[in-house]
Amino acid sequence: MLAPTHLLQQLDALRHDATTGFVRLRIPFVVDSFLGWLAAQPLYPRIYWHSRGAERPEYAALGSIHTLEDPQQLTALCKQVAEAGADSPRYFGGLAFDPTSPGWPGFGACRFVLPRIELVRRGEEVSLCLNLCLDACNREAELAAAEQALQALRPAQPLPPLPAQPFVRSDSPDPALWRTLVEQVTAPDFQAHTPKVVLSRASRLDSPIRIVPWSMLAAWRERAHDCFHFGFEFAPEQAFISCSPERLYRREGRHLFTEALAGTIRRSGDDALDAALAAELLADSKNRLENRLVHADILQRLAPLAEQTSLTEPRILKLRLLQHLKCDIEAALKPEVCDWQLLAALHPTPAVGGAPREAALDFIRHHEPYQRGWYAGACGLLSRDTSEFAVGIRSALLDAKSVTLFAGAGIVAGSEPAAEWAELDNKIGNVLSLLEQR
């Protein structure tokens with residue numbers, strides 16, 4: 001693939017003027033598959049983001065102009081993005097479930113990337129964008145780096161199919177430890193101070209053949225239409241992908257959209273039975289309590305940041321294999337509120353951590369036998385006008401020899417270990433069946 005001529009011409013024009021700051025050059029582009037295009041590129045990081053809802057923009061991002069890895073610097077970054085000029089930079093990335101932990105190697109507790117190249121679809125229009133940050137000191141080097149990235153672009157290729165292969169599965173925690181943890185959380189003396197802890201499990205599938213993450217995400221999203229679809233491949237042979245049903249928040253100017261997603265029951269494939277299961281979920285006291293703890297905590301945390309908030313009654317969110325209780329929350333934010341305040345207030349939510357937050361997180365830190373990393377983390381994009389984050393559930397970590405699937409369950413008074421273990425299996429069933437059918 002030749003470097004796009006019109007972008008090279010725009011880049012060359014920048015050599016002859018004094019433009020400084022963030023610059024985004026763009027041209028119309030034709031491509032069938034964003035994931036096929038992304039997988040064909042030699043540049044890293046490789047990032048994909050598509051918000052829940054077909055009408056939302058779709059992004060594929062390559063390379064890095066700037067990477068932030070220190071959570072302590074996130075405040076300054078959010079302020080910088082909020083004060084950007086006409087073309088606002090978009091940072092893609094996320095926070096680990098527990099940003100106070102080291103996180104996974106290669107991902108860390110925090111990583112946000114300002115990409116060199118973006119492929120953007122809005123409706124029927126697709127644009128190829130080249131990003132630059134120009135100042136008097138770096139101008140020639142930045143122009144040269146941008147040209148080199150353009151020259152490295154390759155045409156989209158068909159994604160390789162998922163390989164047909166057996167997996168060796170191991171769960172952490174195993175069923176015996178899971179029972180012990182659930183019994184600890186549901187004990188009356190524990191419930192007196194911590195009514196909900198979200199316990200989780202990592203199911204590792206070992207195989208001698210590496211799975212291409214973008215092939216897996218492409219197949220997975222076909223079974224998860226009403227979800228966020230995203231992936232982060234910061235370096236070769238390690239990627240985090242997700243088809244998450246849960247929004248952490250979406251901010252449009254000063255208008256905030258968030259939700260309480262907690263309470264789960266299966267789907268059967270039969271409409272009449274699914275309706276009966278949905279009615280059972282809406283009437284179930286354990287699941288209603290779980291959802292109520294989540295939305296009450298969110299409203300409390302938003303109170304200092306919002307001029308007003310509103311909450312809907314619980315309704316049913318239907319996915320391919322599961323149904324969830326969902327309450328929508330909207331807020332009008334105070335004028336001075338930035339994204340770093342929203343992330344600090346809302347992440348992690350009681351839907352993935354528990355309530356009260358610090359007591360639940362303390363139990364998870366000391367008792368879960370694995371590092372959650374970006375599972376249940378806050379993943380998304382930051383920009384001046386619109387920022388959006390999903391919760392990294394229904395997710396997988398891929399490396400050269402394994403795929404690790406993650407699932408969690410909210411443990412409250414009345415939770416039964418066997419039923420909650422079955423819920424974990426239901427939550428990974430969508431992607432697990434995809435792999436097992438190959």
Side-chain angles (χ1 to χ4, degrees), residues 51-53 55-57 74-84 88 90-91 94-95 99 195-196 198 226-228 244-263 281-282 287-317 324-361 376-393 410 412:
S51 181
R52 192 176 61 196
E55 75 283 0
R56 300 294 189 191
L74 188 56
T75 301
L77 176 67
C78 291
K79 290 181 177 178
Q80 175 188 330
V81 169
E83 296 167 359
S88 169
R90 283 185 288 261
Y91 278 79
L95 296 170
K196 177 180 178 180
V198 180
D226 296 323
C227 292
F228 295 85
S244 173
E246 184 173 357
R247 170 181 286 146
L248 181 64
Y249 75 84
R250 179 178 176 86
R251 179 191 58 77
E252 297 177 357
R254 289 173 51 203
H255 203 126
L256 182 81
F257 304 86
T258 184
E259 61 197 34
L261 189 72
L281 180 59
L282 283 167
N287 281 291
R288 291 292 291 259
L289 170 62
E290 186 180 344
N291 191 278
R292 186 163 61 252
L293 289 169
V294 172
H295 71 240
D297 185 271
I298 292 173
L299 290 172
Q300 180 183 15
R301 293 182 177 279
L302 281 178
L305 306 177
E307 294 178 341
Q308 62 182 36
T309 58
S310 64
L311 171 73
T312 65
E313 288 295 315
R315 63 181 180 87
I316 297 295
L317 173 66
H324 297 292
L325 284 180
K326 178 175 180 285
C327 293
D328 294 306
I329 299 169
E330 294 189 33
L333 299 172
K334 295 178 179 178
E336 70 277 8
V337 171
C338 285
D339 285 296
W340 68 268
Q341 293 163 290
L342 296 172
L343 287 168
L346 297 176
H347 174 65
T349 73
V352 293
R357 178 196 284 187
E358 288 309 317
L361 293 183
C379 300
L381 65 90
L382 288 165
S383 75
R384 180 194 58 208
D385 299 321
T386 301
S387 294
E388 184 162 37
F389 286 84
V391 182
I393 58 174
V412 297

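What's counted below: heavy atoms across the whole structure, side chains too, no hydrogens, waters or symmetry copies. It should be emphasised that the depicted structure is a prediction, and the values quoted were computed from it without experimental measurement.
- Distance check: F389 CZ to L95 CG gives 7.0 Å after rounding to the nearest 0.5 Å.
- Not a single donor-acceptor pair under 3.5 Å links the side chain of T309 to the backbone N or O of E330.
- A search for salt bridge (Lys or Arg N to Asp or Glu O under 4.0 Å) contacts involving D328 returns R315, K326, not counting sequence neighbours.
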Going through the distances and angles, do V294 and L325 end up as a side-chain contact (heavy atoms from CB on, under 4.5 Å)? CA-CA 11 Å; V294 172; L325 284 180; over 6 Å; no
Could you go step by step and tell me if T258 and L302 meet the side-chain contact (heavy atoms from CB on, under 4.5 Å) rule? CA-CA 10 Å; T258 184; L302 281 178; 4.1 Å; yes
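- Not a single donor-acceptor pair under 3.5 Å links the side chain of R384 to the backbone N or O of E83.
- The environment of E313 atom CD is sparse: at most 12 non-hydrogen atoms of other residues, nucleotides or ligands sit within 6.0 angstrom.
- Contact record, P195 with A355: CD-O, 3.1 Å, taken as the closest heavy-atom pair.
- Using a 4.5 Å heavy-atom threshold, the side chains of D297 and T349 count as separate.
- Atom CZ of F228 sits about 10.5 Å away from atom CD1 of I393, to the nearest 0.5 Å.
- The backbone N or O of P350 sits less than 3.5 Å from a side-chain atom of K196, completing a donor-acceptor pair.
- Here the straight-line distance linking atom CZ of R357 with atom CZ of R301 works out to 3.5 Å at 0.5 Å rounding.
- Closest of all the heavy-atom pairs between A378 and H347 is N-CE1, 3.5 Å.
- Here the closest non-hydrogen pair linking N291 and A260 is ND2-O, 3.3 Å.
- In terms of modelled atom types and a separation under 3.5 Å, the side chain of D226 and the main chain of P245 share no donor-acceptor contact.
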Let's go through K79 and W340 carefully: what are the C-alpha distance in whole Å and the side-chain angles of both, what is the deciding distance for side-chain contact (heavy atoms from CB on, under 4.5 Å) to 0.1 Å, and is it a yes or a no? CA-CA 8 Å; K79 290 181 177 178; W340 68 268; 4.0 Å; yes
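- In terms of heavy-atom proximity, R56 sits nearest to R247 at NH2-NH2, 4.2 Å.
- When the shell of 6.0 Å around CD of Q308 is examined, it contains 12 or fewer heavy atoms from other residues, nucleotides or ligands.
- Within a 6.0 Å sphere centred on CD of Q300, heavy atoms belonging to other residues, nucleotides or ligands number 12 at most.
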Yes or no on side-chain contact (heavy atoms from CB on, under 4.5 Å) for V352 and E246, after CA distance, side-chain angles and deciding distance? CA-CA 10 Å; V352 293; E246 184 173 357; 4.3 Å; yes
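- When the side-chain hydrogen bond (donor to acceptor under 3.5 Å, both in side chains) test is applied to S244, no partner is found at least two apart in sequence or on another chain.
- With rounding to the nearest 0.5 Å, the separation of CG in L261 from CD in E290 is 9.5 Å.
- For the atom pair CD1 (I298) and CD1 (I329), the distance works out to 4.5 Å, reported to the nearest 0.5 Å.
- Residues L311 and H295 share a closest heavy-atom pair of CD2-CD2, 3.7 Å.
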Begin from the C-alpha positions of R254 and E307 and carry the test salt bridge (charged side-chain N to carboxylate O under 4.0 Å, His left out) through to its verdict. CA-CA 10 Å; R254 289 173 51 203; E307 294 178 341; 3.2 Å; yes
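- Other residues, nucleotides and ligands place more than 12 heavy atoms under 6.0 Å from the NZ atom of K334.
- Taking CG of D385 as the start and CZ of R90 as the end, the distance is 10.0 Å to the nearest 0.5 Å.
- With sequence neighbours left out, the side-chain hydrogen bond (donor to acceptor under 3.5 Å, both in side chains) criterion links D339 to Y249, R251, S387.
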